[in-house]
Undergrad: 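Submitted below is the structure of interest, expressed as structure tokens.
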Amino acid sequence: MTDTIADYLTRIRNAIMAKHRVVECPASNMKKEITKILFEKGYILNYKFLDDGPQGTIKVALKYDPATKASAIRKLIRISKPGLRKYTGYKDMPRVINGLGIAILSTSKGVMTNKEAADLKIGGEVLCYVY
């Protein structure tokens, strides 16, 4: 497998479409940081990092609206791919749905959202859009 982040996002996307409560993914430091951001911004209910096997596992509890049974995550789009990396400076930071969604960036100061990166005036690689 060449793009593990795309695999992680696809597993979450497939679990949402199948209305699963929990999804398990192989862990990496980048995926752990993306999971923390999704939790902080309220897109997932909870997460747990398990140290089993050579790399570990991430268990993600997905968040749904109790009344409509709709997921908190409407779209999860991979932007920068191994074949075509997408970078941005802080001046042309992407705005996802005019500020309603978030873009997750990998910067020199770590993985963060587009708003945090703009506040720190640093750019980086645009990993994905979430809304």
Side-chain angles (χ1 to χ4, degrees):
M1 183 181 313
T2 57
D3 194 2
T4 58
I5 296 170
D7 175 62
Y8 170 73
L9 297 176
T10 302
R11 285 177 191 238
I12 292 177
R13 221 179 293 122
N14 289 343
I16 288 170
M17 289 176 69
K19 301 282 188 218
H20 288 286
R21 290 275 170 219
V22 178
V23 61
E24 289 188 17
C25 306
S28 74
N29 288 335
M30 180 76 77
K31 291 186 236 176
K32 287 180 182 179
E33 293 301 316
I34 293 171
T35 305
K36 288 177 188 174
I37 289 173
L38 291 176
F39 177 70
E40 288 167 7
K41 299 301 175 187
Y43 288 106
I44 60 175
L45 199 58
N46 211 342
Y47 62 91
K48 187 182 232 181
F49 301 134
L50 304 173
D51 292 330
D52 57 338
Q55 62 190 10
T57 307
I58 303 173
K59 274 187 154 185
V60 178
L62 300 171
K63 188 175 185 179
Y64 296 96
D65 182 38
T68 62
K69 304 279 192 264
S71 171
I73 299 173
R74 299 269 185 254
K75 288 246 186 201
L76 203 54
I77 305 168
R78 176 81 160 125
I79 302 301
S80 183
K81 300 177 171 94
L84 180 63
R85 301 285 186 190
K86 302 276 182 161
Y87 296 95
T88 183
Y90 79 93
K91 289 183 180 171
D92 6 290
M93 198 61 68
R95 287 174 51 103
V96 183
I97 312 184
N98 209 15
L100 294 177
I102 62 169
I104 299 178
L105 278 80
S106 174
T107 67
S108 57
K109 302 264 193 271
V111 179
M112 60 183 71
T113 65
N114 55 340
K115 294 165 185 140
E116 294 166 354
D119 290 343
L120 294 173
K121 293 191 175 180
I122 52 175
E125 181 182 355
V126 184
L127 297 176
C128 62
Y129 291 163
V130 183
Y131 56 90

Undergrad: Rounded at 0.5 Å granularity, tell me how far CD1 in Ile104 sits from CZ in Arg78.
TA: 10.5 Å

Undergrad: Side-chain heavy atoms under 4.5 angstrom apart, residues restricted to Ile, Leu, Val, Met, Phe, Trp, Tyr: same cluster for Phe39 and Ile16?
TA: yes

Undergrad: Please give me the minimum heavy-atom distance between Lys19 and Lys69, naming the atom from each residue.
TA: NZ-O, 3.2 Å

Undergrad: Determine whether a donor-acceptor pair (N or O, by modelled atom type, separation under 3.5 Å) exists between the side chain of Tyr43 and the backbone of Ile37.
TA: no

Undergrad: To the nearest 0.5 Å, what is the distance between NZ (Lys81) and CG (Leu84)?
TA: 7.5 Å

Undergrad: For His20 and Leu62, work out which heavy atoms get closest and say how close.
TA: O-CD1, 3.5 Å

Undergrad: Side-chain donor-acceptor pair under 3.5 Å between Arg95 and Asn98, yes or no?
TA: yes

Undergrad: Hey, does Val22 have a side-chain heavy atom less than 4.5 Å from the side chain of Val60?
TA: no

Undergrad: Before accepting this row, confirm whether a basic side-chain N of the pair Arg85/Glu125 lies closer than 4.0 Å to the acidic partner's carboxylate O.
TA: yes

Undergrad: Look at atom NZ of Lys121 and say whether more than 12 heavy atoms of other residues, nucleotides or ligands are closer to it than 6.0 Å.
TA: no

Undergrad: Is the NZ or CZ atom of Lys59 positioned over Tyr47's six-membered ring, under 6.0 angstrom from the centre and within 45° of the axis?
TA: no

Undergrad: Would you say that Tyr87 contacts Val126 through its side chain, given a criterion of any heavy-atom pair below 4.5 Å between the two side chains?
TA: no

Undergrad: Between Thr88 and Pro94, is any pair of side-chain heavy atoms under 4.5 Å apart?
TA: yes

Undergrad: If you take all heavy atoms of Gly123 and Thr107, which pair is closest and at what distance?
TA: O-CG2, 3.5 Å

Undergrad: Would a hydrophobic clustering, with Ile, Leu, Val, Met, Phe, Trp and Tyr connected at side-chain separations under 4.5 Å, put Leu38 with Ile79?
TA: no

Undergrad: For Ala117 versus Met93, what's the shortest heavy-atom pair and its separation?
TA: CB-CE, 3.8 Å

Undergrad: Could you list the residues that satisfy side chain to side chain donor-acceptor pair (under 3.5 Å) with Asn29, not counting sequence neighbours?
TA: none

Undergrad: I need the Ile12 CD1 to Ile58 CD1 distance, nearest 0.5 Å.
TA: 8.0 Å

Undergrad: Which distance, rounded to the nearest 0.5 Å, do you find between the OG1 of Thr10 and the CG of Leu76?
TA: 8.0 Å

Undergrad: Check whether Ile73 and Ile5 end up in the same hydrophobic cluster, where Ile, Leu, Val, Met, Phe, Trp and Tyr are linked by side-chain heavy atoms less than 4.5 Å apart.
TA: yes

Undergrad: Would you give the length of the straight line joining atom OG1 of Thr57 to atom NZ of Lys31, rounded to the nearest 0.5 angstrom?
TA: 9.5 Å

Undergrad: Please check if Val96 and Leu100 belong to a single hydrophobic cluster, counting links between Ile, Leu, Val, Met, Phe, Trp and Tyr side chain heavy atoms closer than 4.5 Å.
TA: yes

Undergrad: For Cys128 and Leu9, work out which heavy atoms get closest and say how close.
TA: CB-CD1, 3.8 Å

Undergrad: Heavy atoms only: give me the nearest Ile34-Tyr8 pair and the separation to one decimal.
TA: CG2-CE2, 3.9 Å

Undergrad: Run the side chain to side chain donor-acceptor pair (under 3.5 Å) test against Arg21 and tell me which residues pass, sequence neighbours left out.
TA: none

Undergrad: With no hydrogens and no angle check, is any side-chain donor or acceptor of Lys75 less than 3.5 Å from a backbone partner on Val130?
TA: no

Undergrad: Taking the side chain as everything from C-beta on, heavy atoms only, tell me whether Met30 gets closer than 4.5 Å to Ser106.
TA: yes

Undergrad: Would the Tyr131 and Tyr129 ring centres measure less than 6.0 Å apart?
TA: no

Undergrad: Determine, step by step, whether Lys115 and Asp119 satisfy the salt bridge (charged side-chain N to carboxylate O under 4.0 Å, His left out) criterion, reporting the C-alpha distance in whole Å, the side-chain angles of both residues, the deciding distance to 0.1 Å, and the verdict.
TA: CA-CA 6 Å; Lys115 294 165 185 140; Asp119 290 343; over 6 Å; no

Undergrad: Same hydrophobic cluster for Ile44 and Val111, using side-chain heavy-atom links shorter than 4.5 Å among ILVMFWY?
TA: yes

Undergrad: Please report the interatomic distance OG(Ser71) to NZ(Lys63), rounded to the nearest 0.5 Å.
TA: 10.0 Å

